[in-house]
Amino acid sequence: MSEALIRVQTRAVAERLRLLRSLVRETAASAGLGDDGVRDVVLAVDEACQNVVRHAYAQAQSERPLELEVLSDAGSLTFVLRDAGRAVDLDAIRPGPPDALRPGGRGLYLIRQVMDRVEHRPGPGGTGNELRLSKLIPREAR
């Protein structure tokens with residue numbers, strides 16, 4: 001059974017992402033992910049948050065919500081992001097090779113490379129998005 005460690009809701013604007021990165025960094029370090037694991041989850045969650053700002057909300061500077069919840073179970077941390085923006089089909093996004101010389105398109109590739117599990121579903125009530133990013137905690141830190 002998962003334990004909720006943190007649940008925060010903020011406006012989905014770039015200026016608020018620094019706060020979310022700090023929360024993710026401290027939570028991951030406290031859970032024992034180690035320097036590489038902490039770096040990976042901060043990078044993945046930040047990229048996912050930026051995608052919400054840029055794509056789900058089309059960079060609208062408004063009171064659009066972004067929620068972050070961090071869940072812990074015996075062997076992993078799960079970072080749950082929820083928004084009320086335009087629904088996204090992650091399976092339809094096919095990023096090119098990571099060395100391609102085009103802007104954008106690498107975020108989802110990067111997230112999938114550094115996280116152990118990535119799940120996407122419609123948000124609560126069928127609107128928006130819910131993205132779950134899970135990272136295994138090293139056995140020696142459990």
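In this text, all values refer to a predicted model and were calculated from it rather than measured experimentally.
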Just how far is it from atom CD of Glu130 to atom CD of Glu69, taken to the nearest 0.5 Å? 8.5 Å
Cys49 vs Phe79 side-chain heavy atoms within contact, under 4.5 Å: no
What I'd like to find out is whether the side chain of Thr78 reaches to under 4.5 Å of the side chain of Ser2, using heavy atoms alone. no
Among the clusters formed by ILVMFWY side chains lying less than 4.5 Å apart, do Leu23 and Val38 turn up in the same one? yes
Would the distance check show the side chain of Tyr57 and the main-chain N or O of Pro65 forming a donor-acceptor pair, the cut-off being under 3.5 Å? yes
Roughly how far apart are Leu131 CG and Glu119 CD, rounded to 0.5 Å? 9.0 Å
CG on Asp40 to CG on Leu33, rounded to 0.5 Å: 9.0 Å
May I ask you to test the Leu17-Gln50 pair for a side-chain heavy-atom distance under 4.5 Å? yes
Could you check Leu5 against Leu77 for side chain to side chain contact (heavy atoms under 4.5 Å, CB included), going step by step and ending with a plain yes or no? CA-CA 9 Å; Leu5 300 177; Leu77 283 179; 3.8 Å; yes
Is the closest side-chain heavy-atom distance between His55 and Arg86 below 4.5 Å? yes
Testing the 3.5 Å rule here: is there a donor-acceptor pair between the side chains of Ser76 and Ser134? no
Among Val8, Thr27, Val41, side chain to side chain contact (heavy atoms under 4.5 Å, CB included) partner for Val70: Thr27
Is Leu133 close to Val80 at the side-chain level, that is, under 4.5 Å between some pair of heavy atoms? no
Are Asp83 and Arg64 within salt-bridge range, i.e. N to O under 4.0 Å? no
Can you list the steps and then say if Arg117 with Arg132 is a side chain to side chain contact (heavy atoms under 4.5 Å, CB included)? CA-CA 8 Å; Arg117 188 171 57 238; Arg132 292 176 169 262; over 6 Å; no
Evaluation steps, side chain to side chain contact (heavy atoms under 4.5 Å, CB included), between Val13 and Val53: CA-CA 6 Å; Val13 294; Val53 172; 5.7 Å; no
Are any of the side-chain heavy atoms of Arg82 and Asn129 separated by less than 4.5 Å? no
Distance (rounded to the nearest 0.5 Å) between Leu68 CG and Gln9 CD: 11.0 Å
Grab the two heavy atoms, one from Val52 and one from Ala12, that are nearest each other, plus how far apart they are. CG1-CB, 4.4 Å
Looking only at heavy atoms, the pair that brings Leu71 and Ala4 closest together is CD2-CA, 3.8 Å
Atom pair NZ (Lys135) and CE (Met115), whose distance is rounded to the nearest 0.5 Å: 6.5 Å
Using the side chain to side chain contact (heavy atoms under 4.5 Å, CB included) rule, take Leu110 and Leu43 through it: C-alpha gap first, then chi angles, then the decisive distance, then the call. CA-CA 8 Å; Leu110 176 70; Leu43 187 64; 3.6 Å; yes
Side chains of Leu81 and Leu66 in contact at under 4.5 Å (non-hydrogen atoms): yes
